[in-house]
Amino acid sequence: MREETPVLEQMRQQHGLISRQQALAKGMTDTQIKRRLAAGIWLRANRGVYRHVVFRETPHSRLLAGCLACNGLASHRSAAALHDLDGYKLDRVELTVPWQRKPVLKGARLHRTTQMHLAKPMDRQGILCTGIGRTVLDLATVVNRKQLTRTLDAVLRDGLLRPSDLYAVLVSHSRQGRTGCVAFREALDERCGDIRVPLSAWSRMVADLLVESGLDRPVLEHQIRDPTGQFLAQVDLAYPTRRLAIELDSKRWHLNSEAFERDPRRRNSLAANGWTVLTFTWSDYVDHPNQLCATVAKFCEPTHRIAS
């Protein structure tokens, strides 16, 4: 019984596996699938997932079989192993699936989430898993503080992520009350508390946060001029059509020596030219992201719009 070339190629790319849906999409029929199973050419690797007998079972194939069976992502310690993070081995099957789904898979630990859209999937060793930032955050819910700190050390030491990347992951998930954010924040502050996040990076982080909340992307480093064209100021972020400026108080980072609050004359000049200025601190961003977004959203409403 010869295999169709497209089916074999799919199996080769997937650690010897194929799902029923994939096989049907390649042109096979249910009868053909049943014949291969009856003949022992295919073996059941998981619910609706089959492994060709010529491929031996491996930790990778077990993990991928679980992913294919529930259409989920490898996550937590399984994803950490795929990302080659120190201290993790591919000795378990941990998967993340959307909250509304409740699959039952033998030998697998399933994590249901309402934040699948923040997972940033990556293909690692032929298996889709959560992005490295999300993976580290997920680990905060299943490992102890000591191991979490070691993981943060490894990620930063190897240059896989920057402190700003990790804080951005924290804030984007904490907006929706994500489990594990407290432990992650504590470990992150302990490890990165004295590391400066450049103002330019922080501006991008705030811009991303606003976009994730449903707002338009603000303009970064926007130059404001009066009606005669005279330069008034350059602000961190802005919604020019709404004449809304956003300044980030970076005192903690000892940057931006010409910050808005240190120059009342500039603030007054902008106000006189019809601009509203909102100022946020690092604490506003990390500890109160929802309030930050809500404040900006209020001033972006049509009732606050002023023609430029």
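All heavy atoms count here, side chains included; hydrogens, waters and symmetry mates do not.
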Side-chain heavy atoms under 4.5 angstrom apart, residues restricted to Ile, Leu, Val, Met, Phe, Trp, Tyr: same cluster for [X] and [Y]?
X: Val97; Y: Leu118; value: no
X: Phe299; Y: Val206; value: yes
X: Val219; Y: Trp202; value: no
X: Met205; Y: Ile132; value: yes
X: Leu248; Y: Trp282; value: yes

Filter on salt bridge (Lys or Arg N to Asp or Glu O under 4.0 Å), then keep only pairs touching residues 108-126, sequence neighbours left out; what's left?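 For residues 108-126: Asp84-Arg124.
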With salt bridge (Lys or Arg N to Asp or Glu O under 4.0 Å) as the rule and sequence neighbours excluded, what pairs involving residues 44-57 come up?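 Every pair satisfying salt bridge (Lys or Arg N to Asp or Glu O under 4.0 Å) with a residue in residues 44-57: Glu57-Arg62.
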Would you say the side chain of [Y] lies within less than 4.5 Å of the side chain of [X], judging by non-hydrogen atoms?
X: Leu43; Y: Leu37; value: no
X: His173; Y: Leu137; value: yes
X: Gln147; Y: Leu152; value: no
X: Arg267; Y: Glu247; value: no
X: Leu199; Y: Asp236; value: yes
X: Leu166; Y: Phe184; value: yes
X: Ile246; Y: Tyr239; value: yes
X: Gln32; Y: Lys34; value: no

My understanding is that only residues two or more places apart in sequence, or in another chain, count here; which of them pass ring pair (Phe, Tyr, Trp, His ring centres under 6.0 Å) with His15?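 Ring pair (Phe, Tyr, Trp, His ring centres under 6.0 Å) list for His15, sorted by chain: His60.
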Who are the ring pair (Phe, Tyr, Trp, His ring centres under 6.0 Å) partners of Tyr50, not counting sequence neighbours?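 Partners of Tyr50 under the ring pair (Phe, Tyr, Trp, His ring centres under 6.0 Å) test: Trp42.
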Partners passing side chain to side chain contact (heavy atoms under 4.5 Å, CB included) against Gln230 (at least two apart in sequence or in another chain):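 Here the qualifying residues are Asp226, Thr228.
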Please report the interatomic distance [atom1]([X]) to [atom2]([Y]), rounded to the nearest 0.5 Å.
X: Cys70; Y: Asn46; atom1: SG; atom2: CG; value: 8.0 Å
X: His288; Y: Phe280; atom1: NE2; atom2: CZ; value: 12.0 Å
X: Ser172; Y: His117; atom1: OG; atom2: NE2; value: 8.0 Å

Mind checking who shares a hydrophobic cluster with [X], ILVMFWY linked at side-chain heavy-atom distances under 4.5 Å?
X: Val182; value: none
X: Phe231; value: none
X: Met116; value: Leu73, Leu128
X: Ile127; value: Leu17, Val49, Leu63, Leu64, Leu68, Leu82, Leu90, Val93, Leu95, Leu105, Leu110

Atom CD of Gln291 with >12 non-hydrogen neighbours under 6.0 angstrom: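 Not buried by this count: 12 neighbours or fewer within 6.0 Å.
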Run the side chain to side chain donor-acceptor pair (under 3.5 Å) test on Gln22 and Arg20 for me, step by step, so that the C-alpha distance in whole Å, both residues' side-chain angles and the decisive distance to 0.1 Å come before the verdict. CA-CA 5 Å; Gln22 289 174 336; Arg20 177 178 174 276; over 6 Å; no
With under 30° as parallel and over 60° as perpendicular, where do the rings of Phe55 and His52 fit, or are they tilted in between?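 Ring orientation, 0 to 90° scale: perpendicular.
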Arg185/Asp287 ion pair, N-O < 4.0 Å: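 Salt bridge flag = yes for Asp287 with Arg185.
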Side chains of [X] and [Y]: is there a donor and an acceptor less than 3.5 Å apart?
X: Gln10; Y: Arg12; value: no
X: Thr281; Y: Asp284; value: yes
X: Thr130; Y: Ser75; value: no
X: Thr113; Y: Arg134; value: yes

Report the C-alpha separation of Met28 and Val7 in whole Å, then their side-chain angles, then the decisive distance to 0.1 Å, and conclude whether the side-chain contact (heavy atoms from CB on, under 4.5 Å) test is met. CA-CA 9 Å; Met28 294 190 69; Val7 173; 3.6 Å; yes
Side-chain atoms of residues 155-162: list all donor-acceptor pairs with protein atoms under 3.5 Å, sequence neighbours left out, distances to 0.1 Å.
from: Arg157; atom 1: NH2; to: Asp86; atom 2: OD2; distance (Å): 2.8
from: Arg162; atom 1: NE; to: Asp165; atom 2: OD2; distance (Å): 3.1
from: Arg162; atom 1: NH2; to: Asp165; atom 2: OD1; distance (Å): 3.0

Pairs flagged by ring-ring contact (aromatic ring centres under 6.0 Å, His included) wherever residues 70-100 is involved - sequence neighbours left out: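 Of all non-adjacent pairs touching residues 70-100, those that pass ring-ring contact (aromatic ring centres under 6.0 Å, His included) are His76-His111.
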Going through the checks in order, is the side-chain contact (heavy atoms from CB on, under 4.5 Å) test met by Thr151 and Val143? CA-CA 10 Å; Thr151 301; Val143 303; 5.7 Å; no
Which donor-acceptor pairs under 3.5 Å do the side chains of residues 207-215 make with protein atoms, sequence neighbours left out?
from: Asp208; atom 1: OD1; to: Arg217; atom 2: NH1; distance (Å): 3.0
from: Asp208; atom 1: OD1; to: Arg217; atom 2: NH2; distance (Å): 3.1
from: Ser213; atom 1: OG; to: Leu210; atom 2: O; distance (Å): 2.7

